[in-house]
Amino acid sequence: MKVLVTGATGFLGSHLVVVLEGRGYEVVRFARSTGGDVLDEASVRRAAVGCELGFHCAGRVSRRQADAEEMYRVHVEGTRTVLDACALAGLRRVVVASTSGTVAVGDDPHHVATETDPVPMGIIARWPYYRAKFFAEQAALSRSRDGFDVVCVNPSLLLGPGDVRGSSTDDVRIFLEGELPAVPSGGLSFVDARDAAEAMCLAMERGRGGERYLVGACNLSMTAFVERLARVSGASYRARVRSYASVHSV
């Protein structure tokens, strides 16, 4: 079966391609590095012709407020463009890579979020990436209908090999290079990118149209996360963190 993968050379997309090809799928790779543009409906449609299924993994990750507008274009407008092009090309299902940040962030350390939790807009609004992914997810799910299923997969922080652009693992690099300025308060959830890729395939095979699926492997406080980095890498915790001042983190 022929499948389209946008963002095929990205961190998650590259692992997804490996998983799909291992299962015998013929993968059409679509990525900016190979001339693809998720804002160009005609080029997406050309790539999608002949495919039955699609995975939309293209996007941009940034914490900078200055990148908010560009992230909105790539994630929200790009998602609309990709899904509309896929529908016109006759695909019957598309799995969209979202993020746990659209529903599973909060300020209660004891609450374990689920897919049906209320959207924490007060928190999401403060983070350009989460905000863009939320509106992209809404645009995606609103397009799910009979004959054209859209499923969202919401992984937490992706870790693992192959993040050549540092989009998800940059904090690990900063720690290893001794440049982590502080250990933030709060905590995080993370998952291996290879497991997230498997989850994308499972969502394609078993997911229900119009639904989202959270994907996480481990929840840790930020202190425990940094301590685990130190233990796994053999690096000195104290040598790698310049300051122990607590900063706010969600």
Side-chain angles (χ1 to χ4, degrees), residues 1-40 43-44 46-48 50-63 67 70-71 74-75 78-79 81-83 85-86 91 93-101 129 132-133 136-137 140 150-174 176 188-205 207 212-218 232:
M1 188 179 296
K2 195 173 180 181
V3 299
L4 174 71
V5 177
T6 72
T9 59
F11 188 25
L12 177 59
S14 59
H15 285 296
L16 177 59
V17 168
V18 171
V19 171
L20 289 169
E21 291 183 335
R23 296 189 180 195
Y25 289 99
E26 178 185 351
V27 178
V28 177
R29 295 170 172 82
F30 188 90
R32 181 175 292 276
S33 60
T34 58
D37 184 354
V38 295
L39 295 171
D40 182 353
S43 66
V44 177
R46 286 194 297 270
C51 295
E52 292 186 47
L53 308 170
F55 294 86
H56 179 41
C57 300
R60 181 181 179 185
V61 181
S62 174
R63 298 171 183 170
D67 294 330
E70 176 62 18
M71 281 194 289
V74 171
H75 289 289
T79 295
T81 300
V82 167
L83 292 180
C86 286
L91 276 68
R93 170 168 283 208
V94 178
V95 175
V96 175
S98 186
T99 172
S100 61
Y129 176 70
K133 293 296 281 186
E137 184 178 289
V150 179
V151 181
C152 284
V153 172
N154 301 59
S156 53
L157 178 67
L158 297 176
L159 296 179
D163 186 15
V164 295
R165 298 179 181 87
S167 60
S168 292
T169 59
D170 204 43
D171 287 337
V172 176
R173 177 192 60 79
I174 290 170
L176 294 175
L188 55 75
S189 175
F190 62 87
V191 63
D192 193 297
R194 293 162 292 189
D195 292 335
E198 291 281 357
M200 294 283 285
C201 288
L202 290 173
M204 177 63 75
E205 296 168 357
R212 65 158 73 100
Y213 296 92
L214 286 167
V215 177
C218 185
V232 170

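To the nearest 0.5 Å, atom NE2 of residue His56 and atom CG of residue Leu83 are 6.5 Å apart. Note that CG of Leu4 is 13.0 Å distant from CD of Glu52, once rounded to the nearest 0.5 Å. Note that CZ of Arg212 and OG of Ser100 are 11.0 Å apart. Values are rounded to the nearest 0.5 Å. Rounded to the nearest 0.5 angstrom, Phe190 CZ and Leu158 CG are separated by 11.5 Å.
Looking only at distances, no side-chain donor or acceptor of Arg60 sits under 3.5 Å from a matching main-chain atom of Asp67. Thr169 places no side-chain N or O within 3.5 Å of a backbone atom of Gly166 that could act as its donor or acceptor partner. Looking at Thr6, its side chain does come within 3.5 Å of a backbone N or O of Ala58 through a donor-acceptor pair. When atom types are taken as modelled, the side chain of Lys133 and the backbone of Ala97 share a donor-acceptor pair closer than 3.5 angstrom.
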Under 3.5 Å, which donor-acceptor pairs do the side chains of residues 196-204 form with other protein atoms, sequence neighbours left out?
{"residue": "Glu198", "atom": "OE1", "partner": "Arg23", "partner atom": "NH2", "Å": "2.6"}

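Scored by the ring pair (Phe, Tyr, Trp, His ring centres under 6.0 Å) test, Phe30 finds no partners at all (sequence neighbours excluded).
Exactly one of Leu20, Leu16, Val95, Val17 qualifies for a side chain to side chain contact (heavy atoms under 4.5 Å, CB included) with Val3. That residue is Leu20.
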Side chain to side chain contact (heavy atoms under 4.5 Å, CB included) assessment of Ser168 paired with Leu157: CA-CA 7 Å; Ser168 292; Leu157 178 67; 4.3 Å; yes
From CA spacing to verdict: salt bridge (charged side-chain N to carboxylate O under 4.0 Å, His left out), Arg63, Asp171: CA-CA 12 Å; Arg63 298 171 183 170; Asp171 287 337; 2.6 Å; yes
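In this structure the side chain of Arg32 reaches within 4.5 angstrom of the side chain of Asp37, judged on heavy atoms. Side-chain contact check for Cys152 versus Val96: some heavy-atom pair is nearer than 4.5 Å. With contacts defined as side-chain heavy-atom distances shorter than 4.5 Å, the pair Met1/Leu53 qualifies. Residues Thr81 and Val38 form no side-chain contact, since every pair of their non-hydrogen atoms from C-beta on lies 4.5 Å or further apart. Asp192 has its side chain out of reach of His15: every pair of non-hydrogen atoms, C-beta onward, lies at least 4.5 Å apart. The closest side-chain heavy-atom distance from Asp195 to Val215 is not below 4.5 Å. Counting heavy atoms from C-beta outward, Val44 and Asp40 have side chains that stay 4.5 Å or more apart. Within the 4.5 Å cutoff, no side-chain heavy atoms of Phe11 are placed close to those of Arg165.
Closest approach of Gly216 and Ser156 over heavy atoms only: CA-OG, 3.6 Å. Considering every non-hydrogen atom in both Leu91 and Ala48, the closest pair reads CD1-O, 3.6 Å. Minimum interatomic distance between Met71 and Ala132 (heavy atoms only, all atoms of both residues): O-CB, 3.8 Å. Closest non-hydrogen pair, Ser167 versus Val61, comes out as O-CG1, 3.5 Å. In terms of heavy-atom proximity, Cys51 sits nearest to Ala47 at SG-O, 3.9 Å. When every heavy atom of Ser33 is checked against every heavy atom of Thr9, the shortest pair comes out as OG-OG1, 3.1 Å.
Under the 4.0 Å criterion applied to side-chain N and carboxylate O atoms, Asp163 and Arg173 are not assigned as salt-bridge partners.
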